[in-house]
Amino acid sequence: MTNENQTNATLQDENEQGEFRQNQVVAERREKLKKLRGQGIAFPNDFDRTHMAGDLQLLHGDEDKDALEARNIEIAVAGRMMLKRVMGKASFATVQDMSGRIQFFISQEGVGAETYEAFKHWDMGDIIAARGMLFKTNKGELSLRCQELRLLTKSLRPLPEKFHGLTDQEQKYRQRYLDLIMNAETRKTFVVRSRVVQAIRAFLTGRGYLEVETPMMHPIPGGASARPFVTHHNALDMDIFLRIAPELYLKRLVVGGFEKVFEINRNFRNEGLSTRHNPEFTMIEFYEAYRDYKYLMDLTEEMFREVTTSVLGHAVVQYQGHTINLAEPFDRLTITQAIRKYHPGQYTDEQLHDRPFLLETLRRMNAAHHPTDGVGGLQLSLFEETTESLLIQPTFIIDYPAETSPLARRNDRDPSITDRFELFVVGRELANGFSELNDAEDQAERFMEQVRQKEAGDAEAMHYDADYIRALEYGLPPTAGEGIGIDRLIMLLTDSPSIRDVILFPQMRRED
RNA sequence: GGGUUGUUAGCUCAGCUGGUAGAGCAGCGGACUCUUAAUCCGUCGGUCGACAGUUCGAAUCUGUCACAACCCA
């Protein structure tokens with residue numbers, strides 16, 4: 001099996017190599033590289049860049065042509081050649097670096113006949129560098145009048161067509177580097193992603209939170225209901241699981257006295273792929289002692305408002321044709337209130353608490369549900385079937401049934417529900433938070449119930465984690481904790497229709 | 001898992017009811033010292049996703065498969 005795979009892989013590589021060599025454009029470029037090698041150092045690494053294109057545009061983009069010329073600003077800029085306009089003895093090249101683009105003006109009298117002649121044969125996609133004076137062309141475009149021009153890295157493969165760019169979704173995901181070269185929108189998405197994560201960090205650390213890292217490899221998968229990835233540790237000869245959530249470890253830290261902790265990291269769930277699901281995805285989980293789920297809802301609103309405003313400059317975002325207002329307080333509804341609000345007149349409160357009615361309704365709708373569930377579980381199924389997708393504006397759904405919330409604290413007035421919420425925006429779950437269950441004996445019973453469900457065939461039911469119970473037995477202070485799906489949040493803030501648009505290298509099937 | 005659409009040159013795409021495979025960009029050669037997807041002239045480049053079938057003849061019709069995007073579960 002292994003041997004066969006290796007043989008196939010090798011053949012595949014050779015095949016790919018063969019095709020690669022045969023391609024005429026690539027062959028031309030390899031020939032050019034060969035000449036470069038013959039002329040000396042083909043991949044120089046001694047160019048000192050002094051300026052970034054985007055900074056120059058910001059600083060001098062609006063400056064007067066003559067005034068700029070008089071200032072004699074010498075700059076050294078490098079980047080990828082994206083456009084090239086060759087004329088007789090003077091040419092223009094558009095060069096792109098991480099910050100933006102700037103135009104090079106290359107003339108025979110500026111760089112010399114020899115370099116100019118060489119430049120004519122450089123290709124789009126090559127990494128080039130120049131030193132010279134900043135000026136504005138007659139048309140008013142900020143440019144670099146090259147006195148020194150160098151080819152730093154020869155590009156062997158041609159870039160996508162310069163006007164249409166790279167549009168094929170699959171190629172954008174598989175060859176993200178090309179997507180990043182070609183599409184400013186893609187670059188922007190991932191810059192926003194980075195800034196959002198930074199802003200969340202700043203928000204929490206500014207409130208005294210400690211950022212921590214807990215294991216990605218778990219002896220017992222826990223903290224969520226999901227199927228894990230399994231692997232094996234050879235030296236210990238034990239199966240281990242990629243984590244499905246960090247929750248149980250973070251709460252152990254609260255037991256340890258780290259009363260405000262958060263972790264931003266990957267979770268892994270062995271489930272289907274969709275526009276909303278990638279097998280590895282990023283979550284932030286945060287826990288704060290001596291707080292409850294209501295405090296978390298307030299904190300979440302504040303965080304969303306502050307992060308969005310600091311990154312985008314405003315808290316009203318457009319998402320796939322919807323206008324989402326993150327500035328106003330979010331709606332807060334119980335499951336049954338939400339069903340009734342979004343289906344006015346359709347159900348009475350009595351009906352929504354009538355188990356046979358709920359069962360019959362779900363059956364008629366052909367909706368996914370567990371027929372053995374109690375009223376709470378059935379209400380939740382009805383909510384998911386009929387109402388979830390209608391929650392466009394940010395909405396907290398509260399009072400989740402205890403039977404589907406094995407880690408959440410029971411409500412004081414009604415022990416069948418928990419002090420828990422989920423946050424929905426554009427019909428998607430973005431966050432999940434609750435007052436933590438800190439009663440070790442209740443937690444032990446709930447784990448036992450999960451084990452019974454697992455034995456009854458529910459692959460997503462939780463395991464009994466004895467060490468976690470032991471930790472709770474030392475005493476977890478009253479604590480509130482929450483998880484936010486970072487990828488889905490970024491989707492919302494970058495108007496991205498698919499989770500793959502916000503993950504640099506999304507999971508794909510193998511190419512061969 | 002089901003449905004819809006797609007797969008043609010390095011890239012973006014045409015190609016009608018079957019009759020010798022097309023354009024633009026990129027490449028190569030030439031002209032051009034202020035261009036902006038530069039322009040102009042010339043030129044190279046294809047196992048039409050794979051396999052099978054129908055046919056005198058298939059990029060085109062049929063079937064199977066592979067992969068992808070979107071929708072649904």
Side-chain angles (χ1 to χ4, degrees), chain A residues 8 12 15-16 18-33 35 57 61 65 69 80-96 101-113 115-117 119-126 133 135-146 154-175 178-179 181-184 271-277 320 362 365-369 381 384-385 388-389 427 496-501 506-512:
Chain A
N8 281 344
Q12 211 81 35
N15 224 319
E16 163 80 11
E19 277 169 35
F20 186 47
R21 276 181 215 288
Q22 274 166 24
N23 181 282
Q24 189 199 338
V25 175
V26 173
E28 295 276 3
R29 292 190 177 203
R30 283 197 185 281
E31 205 46 48
K32 290 175 184 178
L33 175 59
K35 274 189 194 141
Q57 301 287 2
K65 176 171 158 59
E69 196 100 24
R80 192 180 295 276
M81 179 158 65
M82 300 302 293
L83 293 170
K84 185 186 173 199
R85 298 175 287 280
V86 174
M87 292 161 299
K89 296 187 179 64
S91 299
F92 293 93
T94 303
V95 173
Q96 174 173 294
R101 290 180 167 198
I102 193 163
Q103 177 171 265
F104 285 9
F105 176 72
I106 303 141
S107 69
Q108 208 172 68
E109 70 183 50
V111 300
T115 300
Y116 188 79
E117 194 52 38
F119 165 76
K120 283 196 198 170
H121 299 280
W122 295 354
D123 296 293
M124 283 200 262
D126 287 352
M133 295 299 174
F135 79 112
K136 276 199 171 173
T137 62
N138 295 339
K139 297 272 164 59
E141 178 159 352
L142 193 68
S143 306
L144 163 54
R145 192 192 307 277
C146 300
K154 184 71 201 162
S155 167
L156 296 177
R157 290 184 184 250
L159 292 178
E161 203 260 342
K162 64 185 171 190
F163 187 59
H164 298 93
L166 183 68
T167 57
D168 181 70
Q169 281 299 334
E170 185 188 358
Q171 224 182 337
K172 279 163 67 84
Y173 298 147
R174 284 194 193 279
Q175 294 180 262
L178 260 193
D179 186 27
I181 291 170
M182 299 307 296
N183 295 314
E271 292 164 353
L273 283 73
S274 80
T275 49
R276 290 174 296 284
H277 299 87
Q320 306 289 299
L362 286 164
M365 288 175 167
N366 207 12
H369 66 286
S381 296
E384 286 169 351
E385 176 72 18
E388 192 175 299
S389 64
S496 300
S498 169
I499 197 168
R500 292 179 169 185
D501 297 321
Q507 192 61 48
M508 303 286 280
R509 230 175 276 269
R510 284 174 54 141
E511 256 187 284
D512 52 328

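Here is the naming used below: chain letters follow the sequence lines, and residue numbers restart at 1 for every chain.
- OP1 or OP2 of B/U12 has at least one side-chain nitrogen or oxygen of A/Thr167 nearer than 4.0 Å.
- Annotation: of the two residues near RNA chain B, A/Asp168 and A/Lys89, the 5′-most nearest-nucleotide partner is A/Asp168.
- Taking only side-chain atoms of A/Asp123, from C-beta outward, the nucleotide of B/C71, B/C67, B/C28 with the closest atom is B/C28.
- Ion pairing between A/Asp123 and A/Lys84 fails under the 4.0 Å rule for side-chain N and carboxylate O.
- For the pair A/Ala93 and A/Phe119, the tightest heavy-atom approach, listed with the atom from each and the gap, is CB-CZ, 4.1 Å.
- For B/U62 and B/U55, the C1' atoms lie 12 Å apart once the distance is rounded to whole Å.
- The two residues A/Arg276 and A/Ile499 make their nearest non-hydrogen contact at O-CD1, 3.6 Å.
- Taking atom P on both B/C51 and B/C56, the two are 23 Å apart, rounded to the nearest angstrom.
- The side chain of A/Lys162 contributes no N or O atom lying less than 4.0 Å from OP1 or OP2 of B/C25.
- Look at A/Arg500 and you'll find a side-chain N or O under 4.0 angstrom from OP1 or OP2 of B/A69.
- The partner of B/A58 is absent, by the rule that a Watson-Crick or G-U pair needs both atom distances under 3.5 Å.
- Between A/His121 and the phosphate of B/G27, there is no side-chain N or O to OP1/OP2 separation shorter than 4.0 Å.
- Heavy-atom contacts from other residues, nucleotides or ligands closer than 6.0 Å to NZ of A/Lys35 number 12 or fewer.
- Heavy-atom distances to RNA chain B give each of A/Met124 and A/Pro158 a nearest nucleotide, and the one nearer the 5′ end belongs to A/Pro158.
- Distances shorter than 4.0 Å separate none of the side-chain N or O atoms of A/Lys136 from OP1 or OP2 on B/C34.
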